[in-house]
There are 2 protein chains.
Amino acid sequence: MGNNALDKKNLSDALARRLPAYYRHVCIMLAEGKQTVTSGELAKRIGNTSAQVRQDFFTCGGVENYHPDTLKNWLSGLLGIKEEHHMVVIGAGNLGRAIISFKDFNNDGFFIDAVFDNNLMFDGMQICGIPILNVSSLDEYLAANKVDIVVITTPAGVAEEILEKSIKGGVKGVWNFAPVDLRSTDKIEVQNVHLSDSLLTLSFRINEKEFWKNER
Amino acid sequence: MGNNALDKKNLSDALARRLPAYYRHVCIMLAEGKQTVTSGELAKRIGNTSAQVRQDFFTCGGVENYHPDTLKNWLSGLLGIKEEHHMVVIGAGNLGRAIISFKDFNNDGFFIDAVFDNNLMFDGMQICGIPILNVSSLDEYLAANKVDIVVITTPAGVAEEILEKSIKGGVKGVWNFAPVDLRSTDKIEVQNVHLSDSLLTLSFRINEKEFWKNER
DNA sequence: ACCAAAATGTGAAAAATGTATCATTTTTGT
DNA sequence: ACAAAAATGATACATTTTTCACATTTTGGT
């Protein structure tokens, strides 16, 4: 056991969202010096049940033991973060800059190598030591450099075009912050992050709660 | 029909995430001058089936008709964005600044009134015309002003404390960007946005795909 | 080393979610 | 104005996801 992870195809989105949380909490517990991690403790921190943690691990092929190092290592393998990932950011606006200066994921082997913008004023400048290039050179750059993930922080209108260029450039994944629903294909994986949608979901839950408060 | 929305309690998370997307696309179609919206067209744009769109609308109580204005208005009611929402941002770092300058949600009636930080250097300064206050005055501010939503962009360590203050201050919702899993209670709604997790989910999907490519 | 207590792996039941169906209503074309 | 085509609302069905149950294994104390 613990070997044939990913044996089942197309693991559910819900599970794919829980895995990073497991990883995050295992890292925290490791940093806290915990000698062992139980499904119950993990569940409590994440806010679900121990049964679900075990079922998730089982679905993913099972893990040798529950020592934090083993778990972290196993989850790293699942999440594909045993090797470095190289990224470029498209769009040097506020969001792009925030992501560049957001160093949380460097620890997990994600590195941003370049930023692209269509504003000529930026040419030759840097953000946090990362060069800003003109977006007209993106194709060329992708052909010459290994880029695993493209981060889109452009306005909605050009997102699709960047996706096309990414596919042509052999990029494996797109982390999309533009407010359009880009779709994963067999050529490329897409993760859409819609901040406005997320705020509206919060608003919906607040509204739903108020509705019931006033109702009974 | 179209009246008793939210009749069923605890609508599913999946649905709660789709509603903002429906709203977004209806707004786009309205802007495009479309005279009518069909469940099929909406489905195509969002990437699901027309049956699901109809089912979702049915679950939410049904809508009078499919004219874009009617739909937009109906969805606005569900999402609770018929009145203005006032927000404060905690943390004046890169992420905080990005959110403040991110004006997308102003159109939907969300306004940021103040920013709080614990760095005394910021005192008296402004970001995009919004005053930066010291976080020590947060309690006082929440007592004196109507704040619907608190946006947390602090490090993980203080997030829980901000949540407590928010509850005491009568805030209805927390939009949390700190890498901790804050939980909704009957006092307050929480929407966690974990950027690192989202990137790891993307990495997982890429890895899963590569695994299958190499396997057969 | 033994027993008791706790935790895990796994298959099956239960619950939740999504899809298909179809009668009824609305729209479109002539 | 009428018939044909298309879309909707609501129910029934199928699938997916979560929870439960329990035999087996591991841990911890005496």
Side-chain angles (χ1 to χ4, degrees), chain A residues 1-19 21-22 25-26 29 34-71 74-75 78 181 183 201 204-205 208, chain B residues 1-19 21-22 25-26 29 34-71 74-75 78 201 204-205 208:
Chain A
M1 64 196 82
N3 233 349
N4 46 352
L6 298 183
D7 256 11
K8 300 180 182 60
K9 257 180 157 163
N10 269 31
L11 298 185
S12 77
D13 275 352
L15 172 52
R17 269 196 299 273
R18 284 192 296 266
L19 285 177
Y22 293 143
H25 284 281
V26 165
M29 288 162 94
K34 283 254 187 310
Q35 290 304 306
T36 184
V37 174
T38 64
S39 56
E41 168 105 26
L42 247 183
K44 200 165 66 183
R45 295 195 180 216
I46 284 184
N48 57 13
T49 66
S50 69
Q52 180 152 68
V53 173
R54 292 200 305 276
Q55 181 68 48
D56 283 348
F57 288 6
F58 178 61
T59 304
C60 290
V63 61
E64 304 266 357
N65 62 62
Y66 280 63
H67 294 290
D69 319 85
T70 313
L71 266 171
W74 178 70
L75 287 166
L78 282 174
D181 298 301
R183 238 149 310 199
T201 299
F204 168 72
R205 289 296 189 197
E208 188 186 30
Chain B
M1 61 195 82
N3 232 349
N4 45 353
L6 299 182
D7 256 10
K8 300 179 181 61
K9 258 179 158 163
N10 270 31
L11 299 185
S12 77
D13 274 352
L15 171 51
R17 269 196 300 272
R18 283 193 296 266
L19 286 177
Y22 293 142
H25 283 280
V26 165
M29 289 163 94
K34 283 254 187 311
Q35 290 304 305
T36 185
V37 174
T38 65
S39 57
E41 169 105 27
L42 247 183
K44 200 165 67 182
R45 296 195 179 217
I46 284 184
N48 57 13
T49 66
S50 68
Q52 180 154 68
V53 173
R54 293 200 303 277
Q55 179 68 50
D56 283 347
F57 288 6
F58 177 63
T59 305
C60 292
V63 61
E64 304 266 357
N65 61 63
Y66 280 64
H67 293 291
D69 320 85
T70 312
L71 266 171
W74 177 69
L75 287 165
L78 282 174
T201 299
F204 168 73
R205 289 297 189 196
E208 187 186 32

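Excluded from the calculations below are hydrogen atoms, water molecules and symmetry mates; all remaining heavy atoms, backbone and side chain alike, are included. Quantities reported herein were computed from a predicted structural model and do not represent experimental measurements. Just so we're on the same page: letters track the sequence lines, and every chain starts at 1.
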Can you list everything that forms a salt bridge (Lys or Arg N to Asp or Glu O under 4.0 Å) with A:K44? Sequence neighbours excluded, please.
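Result, salt bridge (Lys or Arg N to Asp or Glu O under 4.0 Å) vs A:K44: none returned.
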
For A:R205, give me all partners under salt bridge (Lys or Arg N to Asp or Glu O under 4.0 Å), at least two apart in sequence or on another chain.
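A:R205 satisfies salt bridge (Lys or Arg N to Asp or Glu O under 4.0 Å) with A:E208, B:D13 only.
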
Side-chain contact, heavy-atom cut-off 4.5 Å: A:L78 with A:L75?
yes

Is there side-chain contact between A:S12 and A:T59, with heavy atoms separated by less than 4.5 Å?
no

What integer distance in Å separates [X]:[atom1] from [N]:[atom2]?
| X | N | atom1 | atom2 | result |
| --- | --- | --- | --- | --- |
| B:F57 | D:dG9 | CZ | P | 9 Å |
| B:L15 | C:dG18 | CG | P | 8 Å |
| B:L11 | C:dT17 | CG | C1' | 13 Å |
| A:D13 | C:dT17 | CG | P | 14 Å |
| A:L42 | C:dA6 | CG | P | 19 Å |
| A:I46 | D:dT18 | CD1 | C1' | 15 Å |
| A:Q52 | D:dT17 | CD | C1' | 8 Å |
| A:E64 | D:dT25 | CD | C1' | 15 Å |

With sequence neighbours excluded, what pairs up with [X] under the side-chain hydrogen bond (donor to acceptor under 3.5 Å, both in side chains) test?
| X | result |
| --- | --- |
| A:S50 | A:R54 |
| A:R45 | A:E32, A:E41 |
| B:N48 | B:Q52 |
| B:T70 | B:N65 |

Would you say D:dT8 has OP1 or OP2 under 4.0 Å from some side-chain N or O of B:S39?
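So the side chain of B:S39 is within the cut-off, an N or O lying under 4.0 Å from OP1 or OP2 of D:dT8.
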
Extract from the structure each pairing of a protein N or O with an N or O of nucleotides 11-13 of chain D at less than 3.5 Å, listing the distance.
residue, atom, partner, partner atom, Å
D:dT11, O4, B:Q55, OE1, 3.1

So what is the end-to-end bend of the helix from C:dA1-D:dT30 to C:dT30-D:dA1, with 5 pairs used at each end and the value given to 10 degrees?
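The helix from C:dA1-D:dT30 to C:dT30-D:dA1 shows an end-to-end axis angle of 40°.
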
Hey, is the main chain of A:V37 close enough, under 3.5 Å, to the side chain of A:H67 for a donor-acceptor pair?
no

If you check every side-chain atom of A:Y66, which of C:dT8, D:dT18, D:dT8 has the closest atom?
C:dT8

Quick one: closest heavy-atom pair of A:Y66 and A:T36, and the distance?
O-OG1, 3.8 Å

Under 3.5 Å, which N/O atoms of the protein pair with N/O atoms of nucleotides 21-29 of chain C?
none

Nearest 0.5 Å, please: how far is CG in B:L71 from CZ in B:F57?
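CG of B:L71 is found 5.0 Å from CZ of B:F57.
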
